[in-house]
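Report on the following structure.
Naming convention: chains lettered A, B, ... in sequence-line order (proteins, then strands); numbering from 1 in each chain. No hydrogens, no waters, no symmetry mates; every other heavy atom, side chains included, goes into these values.
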4 protein chains.
Amino acid sequence: MIEQANPEPVDRADAASTPVRPGRRRSEESRRAILAAAYELLAEAGYARLTVEGVAARAGTGKQTVYRWWPGKADVLLEAVTAHARQHIPLPDTGDHAADLHAFLAATFAAATPPTTDALRALMAEAQIDPAFGTRFRDTLLRPRREALGTLLDRAHAAGALAPHLTPAAAVDLAFGLLWYRLLATGDPLDEPLAALLTRTLLR
Amino acid sequence: MIEQANPEPVDRADAASTPVRPGRRRSEESRRAILAAAYELLAEAGYARLTVEGVAARAGTGKQTVYRWWPGKADVLLEAVTAHARQHIPLPDTGDHAADLHAFLAATFAAATPPTTDALRALMAEAQIDPAFGTRFRDTLLRPRREALGTLLDRAHAAGALAPHLTPAAAVDLAFGLLWYRLLATGDPLDEPLAALLTRTLLR
Amino acid sequence: MIEQANPEPVDRADAASTPVRPGRRRSEESRRAILAAAYELLAEAGYARLTVEGVAARAGTGKQTVYRWWPGKADVLLEAVTAHARQHIPLPDTGDHAADLHAFLAATFAAATPPTTDALRALMAEAQIDPAFGTRFRDTLLRPRREALGTLLDRAHAAGALAPHLTPAAAVDLAFGLLWYRLLATGDPLDEPLAALLTRTLLR
Amino acid sequence: MIEQANPEPVDRADAASTPVRPGRRRSEESRRAILAAAYELLAEAGYARLTVEGVAARAGTGKQTVYRWWPGKADVLLEAVTAHARQHIPLPDTGDHAADLHAFLAATFAAATPPTTDALRALMAEAQIDPAFGTRFRDTLLRPRREALGTLLDRAHAAGALAPHLTPAAAVDLAFGLLWYRLLATGDPLDEPLAALLTRTLLR
DNA sequence: CGCTAACCGAGACGGTACGTCTTGTCTTGAG
DNA sequence: CTCAAGACAAGACGTACCGTCTCGGTTAGCG
């Protein structure tokens with residue numbers, strides 16, 4: 001469901017206004033190498049030992065090439081995660097709200113597997129520590145997912161299928177709260193039965 | 001929110017086994033000054049700018065006195081939070097499961113106010129970055145709260161008051177998931193109506 | 001007193017083998033600022049209070065820039081001394097061995113004035129404490145001076161002008177022994193009359 | 001020739017004025033253990049790694065017991081050296097000035113053997129770095145030896161046996177200069193032939 | 001026999017500097 | 001104008017010692 005990473009540097013004028021600029025073009029090879037290196041090093045050593053220097057060295061690029069295009073290592077990882085997670089999580093609309101919700105949740109949970117979960121945990125951590133990155137993290141990663149689930153639950157709400165006393169917004173918080181709490185705090189599995197349990201709790 | 005601070009150094013033999021040791025005693029004044037300094041600096045500058053050096057300087061102690069008793073700044077903060085939050089969150093048992101749960105959740109939410117929430121967010125972040133601290137964080141802070149809510153919900157479950165399809169464990173995850181998700185991701189308020197909504201969702 | 005400072009980093013391959021390397025060049029400004037700062041701080045506070053941290057701060061550089069190019073403060077001082085003392089002490093060869101020796105000794109003694117003597121005493125001290133530095137100190141500072149005096153005395157010896165029972169090597173030890181003993185132990189002056197006395201003692 | 005170490009603390013009133021004081025007596029066992037520990041650790045690890053903490057630990061005493069009786073590690077070493085060197089270097093007076101001088105120098109050189117030379121080099125180094133210790137070092141160790149050789153050479157001078165142009169003071173500097181220069185700078189041996197060479201150079 | 005004084009071991013204390021590490025910027029020559 | 005390389009200023013890290021202070025526990029004389 002994460003659809004579009006931003007390959008442009010964060011604080012730079014829109015390239016569309018000057019579609020052709022003089023000078024050497026950005027190296028697509030370096031970009032990919034940096035994203036891959038960040039992901040690998042996270043898996044190998046953990047976020048605490050993930051450094052811009054290490055990423056650049058592993059990628060075979062200079063540090064400046066990282067800093068030219070990303071504000072820091074967290075944003076590299078953010079783009080790497082969105083790139084990895086580019087496969088769409090469907091937003092089904094079959095008319096059967098319970099089936100739709102279950103499918104969405106099951107697909108979401110299924111996408112939360114080890115290489116990606118490490119990155120998600122690191123990103124959520126960095127978002128707490130660096131408020132500016134926190135904003136980018138919420139806008140890029142959290143909000144699109146919230147909106148997807150929100151539209152699904154809005155439909156259910158309009159049809160009177162939402163559990164009594166629940167609002168769509170509260171239901172979204174309960175669903176993603178469960179997801180993140182397991183990722184961050186307990187490490188308990190996110191599996192299909194849990195999606196079913198959530199579905200039954202939020203609807204009716 | 002927290003009931004039991006650990007005034008003993010993290011990895012040290014139980015003092016009870018050697019009730020009198022030679023040498024100068026640990027300075028209670030320094031201990032308190034360090035905890036207070038950590039809390040103040042977190043509030044003033046944020047976790048990113050919280051340094052052991054700064055804490056020691058503000059507390060008027062040497063750095064070694066910090067490192068002698070805590071593995072790092074996160075553990076200082078962990079003890080500071082538990083010390084600050086020593087006020088008991090009641091674990092009511094009136095027979096009215098809904099009232100009991102609502103009281104517990106409302107008290108828990110009420111304890112999550114700005115100076116403390118900053119610390120909690122920082123601690124959860126550090127727990128993601130430093131796995132060893134993560135274990136201490138879960139054992140010291142998360143688990144006791146989970147167990148408290150767990151016993152409350154076990155009673156409700158035994159009385160058939162839990163919502164259908166929910167287990168006590170899943171209900172605990174939903175409750176704390178909502179709490180932490182709002183702390184970490186949305187910043188939305190944790191207020192009494194939310195406690196009521198949660199109570200109605202988890203019971204019946 | 002010293003003829004050849006080593007402007008190259010201590011343990012680095014000869015730059016001539018790789019005449020052009022990528023990357024930013026070493027800052028000549030920083031190098032000079034560090035040497036000057038070390039010399040000034042030594043004069044102001046003494047070797048005991050001379051710290052790498054202080055040198056870097058005074059020089060307006062980072063500590064790493066010191067450690068990148070020198071193993072420690074003693075090596076900075078060693079280079080500063082050799083740089084300061086770059087003025088040549090002549091190695092005269094007039095045929096008059098007594099006049100030659102006297103000129104050499106008088107020039108050597110004349111170069112041993114307060115700002116430099118402080119550094120020399122500190123360097124000799126460090127050479128005793130840090131054996132690895134001791135080797136560098138002997139190779140860089142002591143040996144060239146020994147060899148200069150040695151060639152002068154070899155000529156005198158070949159001409160039969162050396163005092164009976166003395167070898168050139170022993171004479172070198174007597175001359176520099178007197179110099180260093182006064183620097184390190186008594187603080188007595190190193191003046192022209194002493195050079196004359198030494199000359200008459202070593203020759204004939 | 002070092003005859004009397006000072007077993008009293010450096011800056012303390014003369015014990016003779018209050019010959020009997022109440023309270024526990026100084027532990028002779030601790031004193032000896034500290035001196036021995038300092039000497040051993042110097043031999044094992046070198047002066048750079050000789051610490052008061054290490055000495056106290058090796059000696060089985062507290063740090064305070066070291067600081068109560070000595071200003072620092074250098075003074076411990078100074079007393080250890082003077083204690084080791086308590087065997088008298090004779091100050092012969094046979095009427096044969098050359099024989100007397102040779103005997104004195106040969107005995108002095110013979111006393112400069114490895115365990116002691118390490119300590120002497122460290123002490124001379126510390127004397128350069130810590131001016132206050134330098135004064136104690138000169139008064140305790142250097143001056144007595146200078147005075148011994150000085151009286152010997154005064155006798156020779158009065159008898160007209162000193163080399164022409166040499167004063168007794170200059171001769172003392174030449175002799176000890178050679179000794180210390182070899183200790184500190186070259187490491188060349190101090191043997192009987194060198195004593196003979198020095199004798200022939202200084203007398204006649 | 002207690003009292004007071006001084007020393008003992010142990011070890012925590014406030015400091016200071018160490019040498020390393022990482023950050024984000026700047027500089028260089030090549031493409 | 002970007003690239004790889006790498007030096008730069010800045011500053012925190014965690015460690016090691018310094019010299020001091022504080023414990024409880026011993027030894028000594030003196031009253």
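- Residue-to-nucleotide contacts include no donor-acceptor pair under 3.5 Å from the side chain of C:Lys63 to the base of F:dG11.
- More than 12 heavy atoms of other shown residues, nucleotides or ligands fall within 6.0 angstrom of atom CD in A:Glu44.
- Summary of the strand contacts: D:Pro22 and B:Leu50 both lie near DNA chain F, and taking for each the nucleotide with the nearest heavy atom, the more 5' one is attributed to B:Leu50.
- When distances run from any side-chain atom of B:Arg26 to the nucleotides E:dT20, E:dC13, F:dG14, the shortest one goes to E:dC13.
- Contact check, D:Arg25 against E:dC8: no side-chain N or O comes under 4.0 Å of OP1 or OP2.
- Each of D:Gln64, D:Arg26, D:Arg31 was evaluated against D:Trp69; a single residue qualifies, D:Arg26, per the side-chain contact (heavy atoms from CB on, under 4.5 Å) test.
- Whole-Å rounding puts the D:Trp70 CH2 to F:dT20 P distance at 16 Å.
- Heavy atoms only, all atoms of each residue included: A:Glu79 and A:Leu35 are closest at OE2-CD1, 3.7 Å.
- Here C:Gly60 lies in heavy-atom contact (under 4.0 Å) with sugar-phosphate atoms only.
- With DNA chain F read from its 5' end, the first of the two nearest nucleotides for B:Glu53 and C:Gly62 is the one closest to C:Gly62.
- Taking 4.0 angstrom as the limit, D:Arg68 places a side-chain polar atom (N or O) nearer than this to OP1 or OP2 of E:dC8.
- Taking both residues in full, the closest heavy atoms of B:Arg58 and B:Leu41 are given as NH2-CD2, 3.3 Å, listed atom of the first, atom of the second, then distance.
- The distance from atom CZ of B:Arg31 to atom P of E:dG14 is 14 Å, rounded to the nearest whole Å.
- At whole-Å resolution of the value, CD1 in C:Ile34 and P in F:dA10 are 12 Å apart.
- Closest contact between the side chain of A:Thr65 and the listed nucleotides F:dC3, E:dT20, F:dT20 involves F:dC3.
- Remark: D:Ser30 is in phosphate contact with E:dG9, judged by side-chain N or O atoms under 4.0 Å from OP1 or OP2.
- Distance CZ (C:Arg58) to P (F:dA10): 15 Å, rounded to an integer number of Å.
- Checking the phosphate oxygens (OP1, OP2) of E:dC8, a side-chain nitrogen or oxygen of D:Trp69 falls inside 4.0 Å.
- Look at B:Arg21 and you won't find any side-chain N or O under 4.0 angstrom from OP1 or OP2 of F:dC23.
- For a distance-only test at 3.5 Å, the side chain of A:Gln64 fails to qualify as a donor-acceptor partner of the base of F:dA5.
- Heavy-atom nearest nucleotides on DNA chain E were determined for C:Gly23 and for A:Tyr67, and the one closer to the 5' end corresponds to A:Tyr67.
- If you take CZ of D:Arg24 and C1' of F:dT27, they are 6 Å apart, rounded to a whole angstrom.
- Residue A:Ala38 comes nearest to A:Leu50 through the heavy atom pair O-CD1, 3.7 Å, listed as atom of the first residue, atom of the second, then distance.
- Of the candidate nucleotides E:dT23, E:dG19, F:dC18, E:dT23 has the atom nearest to the side chain of A:Thr51.
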